[in-house]
Amino acid sequence: MSEFEIEPGATKDSVLVTSESFDNFEQMSSSLEEIKYGNVKPNDDPNSVLTDDNQVESTSNTAETQSANANVKDEYVENSIDWTNKKKHVFVLSTAGKPIYSRHGNEDKLAWLFGVMLGLFKYSHDSIKSIHAGDTTYLFLSKKPLILVAIWKTKESVNQVTLQLNYVFNQIVSMLTLRRLIKTYDERPNYDLRRLLTGVDRLIDHVLDFSENEAAFTLGAIQCLPLALSDRDAISKAIKDACGKIKNLVFAILLGNNRLITLVQMKKYHLHPADLHLVFNLVQATESLKYSESWTPLCLPRFDNSGFLYAHVSYLSEDCQACLMLLTVERDVFFPLSNAKQKIVEKLRISGCMEHINASLLAMEESALASGFSELRHYLYKCKSTAQFYQPALSPPYTKDKIKLMELYKRAYQKMHCSTRQLKLSFERSFDEVVFSWDTKGFELYAIFEPLIDTQKVIHCVSKLLDWIKKREDKLFHLNAYTF
Amino acid sequence: MGTANKDIEIQNFFIFNSLFGPKEGEELKKIIYYYPIDDNTGVQVENVGLVEGIIQFTQTFNPSNPVTSLHTSKMRQLYFQPEPNFCFVLTLTLPVVTKIKESISTIEYMEDDLQDNVYESCLKQLYYMYRLFYGTFESTLANHNLDILKTQIETFFNPYLKTIKMDGLDILTIFKGIQYLPLDRQNFLKIQCFINSLESKWEYIKHTAFLYNEHVIWSGLEPNSMQIIYQYLIETLLPANAEVELQGGSIPRNSSLPFSALKHGRFITGPSNLKHAKTIGKIPKIYLFDENEPKEYHLVIYRALSATLCLLIDGSIQLKLNDFQRIDDHINPKISPLVNDIAEYCSKQVVTPSNSQENSPKFLYFNKLNLAYKSSVHLDNKQKGNITCSKESLRIMADMKNASNFLGPAGENIVKTTNDYWVFSKTSNLREFYIVLQQKNASLVDISEDVHRLCQNELEGIFFHPV
C-alpha cells in the first residue's frame with residue numbers, strides 16, 4: 001500500500017510535546033527557574049521556587065475537604081477471595097517498606113504484604129521487573145524513592161501497566177514535587193508519606209480508572225472538543241488578549257467533557273500530553289472545582305518535576321461547563337488571574353463562542369456508522385506530530401462493553417510497538433471482529449471492522465476514512481497554536 | 001551498530017523440593033540438583049530462597065496457574081513444577097546488544113528477544129526427557145531413595161545440559177512436532193504389513209514406529225509418547241550414529257543423504273555386531289505414561305539403509321542375544337526392498353519448485369492433533385539456527401502463537417514489519433499455518449491473495465474452517 005500523502009490533523013506548530021507513550025518518563029522539557037528568572041537575574045533565589053510547607057498544607061487541606069468521604073474506602077476483608085480476585089491491585093511503598101497506597105483494601109491492614117513485596121524487591125537486588133503466573137501478572141517498578149507494584153488479571157501488557165504506574169508516580173509528584181519527595185526521604189527514611197498526601201488517594205484512584213478506560217492514555221495523545229476553526233481561534237485569541245500582560249503566565253488550558261478546547265502557552269514552552277492528562281485527571285476527579293474559583297499549587301512532572309506551578313482553576317460559568325486553568329510560576333497572582341478570567345468569559349459571551357462550546361459539549365459525536373462507514377465499528381486516529389487523536393462515538397457491540405474495545409486497542413497498540421519487533425501494519429481477524437492497525441510516519445490508525453470484511457474493503461474504507469478526517473481536520477484538531 | 005553481542009545462555013538450572021529442608025539452616029537439603037557446580041552453596045541457597053519467596057508471593061493472589069516466569073533487567077527465570085513440591089528452575093541471561101552511538105557504547109538487554117513461550121517449552125522438555133528414561137521422581141523415591149534420585153538426575157542432566165544450545169530455539173520448540181512422510185497407499189500398506197507381521201510374531205514387541213530419514217511413516221505409539229521419543233531420536237541418537245556410520249567423511253547438508261551409504265541393517269541399541277557380539281549390549285529402558293500406570297519398555301532401535309525401526313519391547317522380558325539374531329533374520333531380508341520402494345517413491349515426488357527460490361514464501365505448518373509439522377523455514381530439524389527467513393520473523397510467529405489465545409479457536413493475522421516483509425498466520429481447527437513473504441512493494445490486498453493461493457496449494461485437502 002502506498003503511503004498516504006495526506007496526514008490529517010498535522011500542523012506546523014504543535015501545542016503539545018510529542019513522544020511515544022512507552023517512552024522514558026523522567027525526561028523533562030523545561031525548567032521553571034528559567035521561566036521565572038530567565039529575564040531577570042539568574043540564580044537570584046532558586047529556593048523560592050520550592051514551596052514551603054504552608055503551601056503544601058493548603059493543597060492538602062483543599063484536597064481533604066474535597067474528599068471528605070474519600071476515606072470511607074470500601075471495606076474488604078483483606079486477603080479474602082473477593083480481595084485476591086480484584087482485577088487489578090496497585091500498591092505504592094517507600095524503599096523502607098512503608099505503605100503509602102493500596103487500590104483495594106486498607107494499607108495498614110496489608111502491612112505484611114508490603115513487607116513481602118519489599119523483601120522480594122531487595123532480594124532480587126532491585127532488579128525484579130515482572131512475574132507471570134497464568135492469568136495473573138505481577139509488576140515491580142522502581143521510581144526512586146518509591147516502589148510501585150501492580151498485580152492484575154486483565155489482558156493488559158507489562159508495558160501498558162508500567163505506563164499506568166508511571167502516571168501514579170507522577171500524580172504523587174504533582175502534589176509534592178520530586179525534589180521535596182526525595183528530600184523528605186533523605187532526611188527521614190522511615191517517614192509516613194501519607195501525612196503529606198491526604199486526599200491524594202482519590203486522585204490516584206481516579207487516574208488508575210481513567211488510564212484504564214481512556215484511549216488517550218494508551219495513545220499518549222489528547223482528544224479535542226470539535227469546534228469550528230474560527231471559534232477555536234477566537235477563543236485562543238480571547239485568552240491571549242486577556243492574559244497577555246500578566247507576567248509569567250505559562251499555560252492557559254480550557255477543557256470540557258474530558259476534551260481539550262484550547263491551550264495557549266508562553267513562547268518556547270510546550271506541554272507534554274502526560275502532564276495534560278494529569279490536569280484532566282485533577283479536573284475530572286475534583287467535583288468541588290465546579291462551585292468556586294480555586295488556587296492550587298501543581299507540579300507538572302514532565303514539564304519540571306522540581307517545582308510548583310500555581311493554578312487558578314474555574315469553570316467558565318454556570319451555564320458553560322468548560323473548565324479554565326491558568327498556570328503561572330507566581331504564587332500570589334490569584335486576583336489578576338481572576339480578573340483575566342472574567343474578561344475571557346465576557347469576550348466569549350459577546351462573540352457567541354460560549355454558545356458554540358455549549359453546543360459542542362452537548363452534541364454527541366457521530367458513530368462511524370452514522371458517518372457512512374458501514375462496516376467500520378470504531379477507530380482511533382492519532383496524528384503523531386501533534387499528539388492529538390480522534391475517535392467516533394461508541395457503537396454496538398461496544399456500547400455495552402467498552403472494556404472489550406479498550407482491550408482490543410491496548411493489544412493492538414502493544415503489538416505495533418513491541419520494542420524489538422515494531423510493525424508497520426497488522427490485519428487481524430477473529431470470530432468477533434477484524435482489527436486493523438497501521439503505523440505510518442505521520443499517523444497511527446487502529447480500526448475495528450465487522451469480522452467478515454475482506455482486505456480489499458478494509459483498504460478502501462481506510463482511504464475513505466482518511467479523506468473524511470482530512471476534510472474535518474480543522475474542526476476535530478487544535479491546529480493553530482497561540483502564545484503569550 | 002551492533003558489536004560484541006551476546007546470545008542467550010544458561011546462567012543456572014536447578015531442581016529443589018522445599019519439603020526436604022523445612023528447618024532453618026537446612027536449606028541446602030532442599031536442592032536436588034544444581035548447575036553449574038561452580039556456584040558456591042551460599043549462592044545456591046540464595047537462589048532457591050528467591051524462588052520460594054516468589055512462589056509464595058504469587059499464590060497470595062490466586063493465579064490460574066502456578067508461576068511460570070520472572071523477568072528482571074538482566075535475566076529471565078522460568079519455572080516448572082512437574083510433580084508436587086518439585087520445582088524446576090532455568091535461569092537464562094538476556095541477549096545483549098552493544099550499541100555505539102557517538103562513540104559511546106551502551107549495553108542493551110533485549111528483553112523481548114527471549115520469548116517465554118519458547119523457553120517454557122524447552123524447560124518442560126528437560127523434565128519429560130528425563131522422565132522418559134528414569135520415570136517420575138516420586139516413583140524413584142518410593143522404590144529407591146533420595147541419593148539414587150540425585151545420582152540419576154546428575155547422570156542425566158550433566159551431559160544433557162551441555163548439548164543444549166539455548167540460542168537456536170524458536171517456535172518449533174513450542175510445537176515439538178513430528179515430521180511425517182506422506183506415502184502412496186501401496187507403499188504404506190506394505191509397511192503396515194511388515195509391522196503387523198513383526199508384532200504378531202513376537203508378542204513382547206508392544207509398539208513399533210517406522211521412520212525414513214527423519215520422517216515418521218508409521219507410529220503405533222500415543223502421539224505424546226512418540227513426540228518425546230522422536231525428539232530423542234532426532235536430536236541425540238541418530239546424529240550420534242550418523243557420525244559413526246560416516247566414519248570421518250564429511251556430513252552432507254542434505255538430510256536425506258547421511259544414511260544411504262549403509263547397506264545392511266543393524267541394531268543401534270543392542271548388540272552392534274551380531275556375529276561377534278557376546279552380550280546384548282546396552283539397551284535403554286524407557287517409561288511411557290499413556291495410561292494411569294507408567295509402563296516400562298526396552299527401546300530397541302534397528303537401522304537399515306535410511307530407515308529406522310523402533311521396537312518397544314515389554315520391560316519385564318529378559319532379552320537374550322538369540323532374540324536379536326532371530327529378529328534380525330526376520331527383518332533384514334524384508335526391509336531392504338521396502339526402503340528401496342520408499343526411496344523410489346520419494347525421488348518421484350520432487351519438492352515443489354515454488355519453494356526453491358530465495359525470495360519465495362516460506363511456510364510452517366503444525367497440527368496439534370497428530371503433532372505433525374512441515375516447514376520450509378527450517379532447513380533441518382536440529383534447531384541450530386539453520387533457517388531460511390530472519391530470526392525476527394520467527395519471533396513474530398511465536399508472538400502470533402501467543403496472541404492466538406485472544407483470537408479464539410479460529411483466526412488469521414497478517415503483519416508488515418518495519419523491514420518491509422510480511423508474516424501471515426492462520427489458526428483453525430487446532431491447525432496452525434504461518435507464512436513469511438519477502439515482497440517489498442506488495443500491498444495488503446496482494447499479500448492476502450498470495451496467502452490464499454498458498455493455503456490452497458500447500459494445504460490441499462487439509463480441512464480449515466473458512467474464517
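Here is the naming used below: chain letters follow the sequence lines, and residue numbers restart at 1 for every chain. Small disclaimer: the values here were computed from a predicted structure and weren't measured.
- With contacts defined as side-chain heavy-atom distances shorter than 4.5 Å, the pair B:Asp420/A:Lys424 qualifies.
- Residue with the most contacts toward chain A among B:Gln115, B:Gln59, B:Gln56: B:Gln115 (heavy-atom pairs, distance under 4.5 Å).
- Across all their heavy atoms, B:Pro409 and A:Phe431 have their closest contact at CG-CE1, 3.4 Å.
- Interatomic distance, B:Leu50 CG to A:Ile128 CD1, rounded to the nearest 0.5 Å: 6.5 Å.
- Surrounding NZ of A:Lys88 are more than 12 heavy atoms belonging to other residues, nucleotides or ligands, all under 6.0 Å away.
- For the pair A:Ser127 (side chain) and B:Ser73 (backbone), a donor-acceptor distance under 3.5 Å is absent.
- Residues A:Lys415 and B:Val415 meet the side-chain proximity criterion, which asks for heavy atoms closer than 4.5 Å.
- Residue B:Lys368 places its NZ atom among 12 or fewer non-hydrogen atoms of other residues, nucleotides or ligands, all under 6.0 Å distant.
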Give the C-alpha distance, both sets of side-chain angles, the deciding distance and a yes or no for side chain to side chain contact (heavy atoms under 4.5 Å, CB included) between B:Phe57 and A:Ile151.
-> CA-CA 11 Å; B:Phe57 169 66; A:Ile151 294 144; 3.9 Å; yes

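- For the pair A:Thr455 and B:Val445, the tightest heavy-atom approach, listed with the atom from each and the gap, is OG1-CA, 4.0 Å.
- Here the closest non-hydrogen pair linking A:Ala133 and B:Pro63 is O-CB, 3.4 Å.
- With a threshold of 4.5 angstrom between heavy atoms, B:Glu111 approaches chain A through side-chain atoms but not through N, CA, C or O.
- Of the possible donor and acceptor atoms, one in the side chain of A:Lys153 sits under 3.5 Å from a partner among the backbone N and O of B:Asn62.
- For the set A:Lys155, A:His125, A:Glu433, A:Met416, the entry with the most heavy-atom pairs within less than 4.5 Å of chain B is A:Lys155.
- Side-chain atoms of B:Leu444 and A:Trp438, non-hydrogen and from C-beta on, never get closer than 4.5 Å to each other.
- Formation of a donor-acceptor pair under 3.5 Å by the A:Arg421 side chain with backbone atoms of B:Asp112 is found in this model.
- By the 4.5 Å heavy-atom criterion applied to side chains, B:Thr58 and A:Thr136 are not counted as neighbours.
- For chain B, the option among A:Glu428, A:Glu407, A:His132 with the highest count of heavy-atom pairs below 4.5 Å is A:His132.
- Taking the six-membered ring where the residue is Trp, B:Phe61 and A:Tyr138 present perpendicular rings, their angle passing 60° and hence far from 30°.
- Summarising the local packing, NZ of A:Lys144 is surrounded by 12 or fewer heavy atoms from other residues, nucleotides or ligands at distances under 6.0 Å.
- Between A:Ser430 and B:Phe406 the shortest side-chain heavy-atom distance does not fall below 4.5 Å.
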Apply side chain to side chain contact (heavy atoms under 4.5 Å, CB included) to the pair B:Ile396 and A:Leu423, showing each step before the final yes or no.
-> CA-CA 10 Å; B:Ile396 289 175; A:Leu423 302 177; 4.0 Å; yes

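- B:His71 contributes atom NE2, which lies 11.0 Å from atom CG of A:Leu139 (distance to the nearest 0.5 angstrom).
- With a 4.5 Å cut-off on non-hydrogen atoms, A:Leu408 does not touch chain B at all.
- Residues B:Met110 and A:Thr420 approach most closely at CE-CG2, 3.3 Å, considering heavy atoms.
- A donor-acceptor pair under 3.5 Å links the side-chain atoms of B:Asn413 to the main chain of A:Phe427, judged by distance alone.
- The candidate with the highest count of non-hydrogen atom pairs below 4.5 Å against chain B, out of A:Gln456, A:Arg411, A:Gln422, is A:Arg411.
- Neither the backbone nor the side chain of B:Asn419 has a heavy atom closer than 4.5 Å to any heavy atom of chain A.
- Contacts of B:Asp116 with chain A are made by side-chain atoms alone, with heavy-atom separations under 4.5 Å and no backbone atom involved.
- Looking only at distances, a side-chain donor or acceptor of B:Ser64 sits under 3.5 Å from a matching main-chain atom of A:Asp135.
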